[in-house]
Number of protein chains: 2
Amino acid sequence: MNPKAISKQTLLRLPSYLSYLKSLPKDECEYVSATTIATALGLNDVQVRKDLACVSKKGRPKLGYVAEELIRDIESFLGYDALNDAIIVGAGRLGGALLSYEGFKEYGLNIVAAFDADESKVGTEICGKKIFPLSKMKELCQRMKVRIGIITVPAHSAQKACDMLVDSGIYAIWNFAPVHLKVPDNILVQQENMAASLAVLSAHLAEAIKNNEIGKGDEENDK
Amino acid sequence: MNPKAISKQTLLRLPSYLSYLKSLPKDECEYVSATTIATALGLNDVQVRKDLACVSKKGRPKLGYVAEELIRDIESFLGYDALNDAIIVGAGRLGGALLSYEGFKEYGLNIVAAFDADESKVGTEICGKKIFPLSKMKELCQRMKVRIGIITVPAHSAQKACDMLVDSGIYAIWNFAPVHLKVPDNILVQQENMAASLAVLSAHLAEAIKNNEIGKGDEENDK
DNA sequence: TAGATTGTTAATCGATTAACAATC
DNA sequence: TAGATTGTTAATCGATTAACAATC
């Protein structure tokens, strides 16, 4: 059914390629090789080549790939060239930060409004984007044909927010609450798991301290 | 050298177990089975059992694991019981949001200060935490024995921020900039890749639209 | 031509899942 | 005892890497 099924790993790596390619000086680098990309990002070159093969045209032996083309192909594959409207549920600190971050437009994400249960927030604006009561969610989503919902409410109300989004006809959810959401099969949930990242950091640090690889402070910098 | 090397995948799942366990009503659930956890989080039960075996005591057949004990063991394994001081480089929107999020303490992360190149921000406070000029970073890190640095600067200055952190004696870096950082071998970088999450969301959505699984809006809700 | 690079096929590696005996 | 659950060993699966012929 799906002719070129792409692995999740590959999908996760594409944005790094994109940002690397964009960081290259345009005039100097018409061609870029998989080996170059791999070295810059600390990856295996065959892996990069396979990833690129999923989304772009063939490279040319000895030269590599046309950088401009690669950028366009990755962007179009990831859907960054078409703007998707999204709403945020939870206009707290994190929600506010996301709401006011202009950079998401580069990724094809356009946050149009926020919703919050807190009546004192309703009616106010963050960066020109209005905060509405939860009761308005369904109507606004359907009228504006919003397909993406972002959850930035506390963990205990995340499932409720999720249910409301689903009921509003949302198709994909980006969840910042550290909770596993239960959704119908046809709804996509992308978990943004900061707690998990933090766990990796924290565990490595704990391990290093236990093994005396680092001191309790900066001793290794002294004598 | 490392007696019980734990897989990165396991490490990433531990926080979900923890948050699930904490969400259980204490009085009702003295014991919790791997099967229950697995079902709740949409995982395989053997996987949960193997993960738990890495960090906790044996479970009891027919009953499961003692919930309280599991919570303690995971927390201690992840180092959440010992508070680590951290600093943030970049006091913009995202940096400010992280700075003012109290919840990190639960994960053993204590953000003590922020640094920013913008002179107009220097001297101000966010949630009682001071913003310092970059020039003060090294001295403060060494004096307070800070081991974790968080990067929330724009992509183009992330490597510079990173170099400064390394020079300041930082041991682990949590990077929110969508850039691959070059660091010495002994420094741990944890990449928080929102662009990658967004890519997954965006690509699935683009695919679904192409396959006509969803309409251009809410038509499927009509007639 | 020689050499860097591509793309593909095969081998390796690691993680997940299945099967099953042991336990309470 | 019967049945739910554990922990372990073996099988499966998928992703990464190695090897190599093809290309410019």
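Numbers restart at 1 for each chain; the letters A, B, ... are given by sequence-line order, proteins then strands. Values below: all heavy atoms of this structure, side chains included; hydrogens, waters and symmetry mates excluded.
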- Query: Is B:R13 atom CZ crowded by more than 12 heavy atoms from other residues, nucleotides or ligands, each under 6.0 Å away?
  - Reply: yes

- Query: Separation of B:L12 atom CG from C:dT16 atom C1', in whole Å?
  - Reply: 15 Å

- Task: Tell me what B:K50 touches on the nucleic acid: a base, only sugar-phosphate, or nothing, going by heavy atoms under 4.0 Å.
- Result: base

- Taking for each residue the nucleotide of DNA chain C with the nearest heavy atom, is it B:P61 or A:T36 whose nucleotide lies nearer the 5' end? A:T36

- Query: A:N44 CG to D:dA18 P: how many Å, rounded?
  - Reply: 6 Å

- Has B:R60 got a side-chain N or O lying under 4.0 Å from the OP1 or OP2 atom of C:dC24? no

- Among the candidates C:dC24, C:dT6, D:dT6, find the nucleotide nearest to the side-chain atoms of B:T35. D:dT6

- Query: Under 4.0 Å between a side-chain N/O of A:Q9 and OP1 or OP2 of D:dA15, yes or no?
  - Reply: no

- Touch check for A:A53, heavy atoms < 4.0 angstrom, all strands: base, sugar-phosphate only, or nothing? nothing

- Message: What is the distance, to the nearest angstrom, from the NZ atom on B:K62 to the P atom on D:dG3?
- Response: 10 Å

- Query: Going by distance alone, is a donor N or O of one side chain under 3.5 Å from an acceptor N or O of the other, for B:R60 and B:Y65?
  - Reply: no

- Are A:K138 and A:D167 within salt-bridge range, i.e. N to O under 4.0 Å? yes

- Message: Strictly distance-based, threshold 3.5 Å: is any side-chain N or O of A:S157 a donor or acceptor partner for the main-chain N or O of A:K160?
- Response: no

- Relative to the 5' end of DNA chain C, which residue comes earlier, A:Y65 or B:V46, by the nucleotide with the nearest heavy atom? A:Y65

- Query: Between B:R13 and C:dT16, does any side-chain N or O lie under 4.0 Å from OP1 or OP2?
  - Reply: yes

- Note on the structure: With five pairs defining each end axis, the helix from C:dG3-D:dC24 to C:dC24-D:dG3 comes out bent, to 10°, by 0°

- May I ask you to check whether A:Q159 and A:D163 show a side-chain donor-acceptor distance below 3.5 Å? yes

- Task: Indicate, with yes or no, if the rings of B:Y20 and B:Y17 have centres closer together than 6.0 Å.
- Result: no

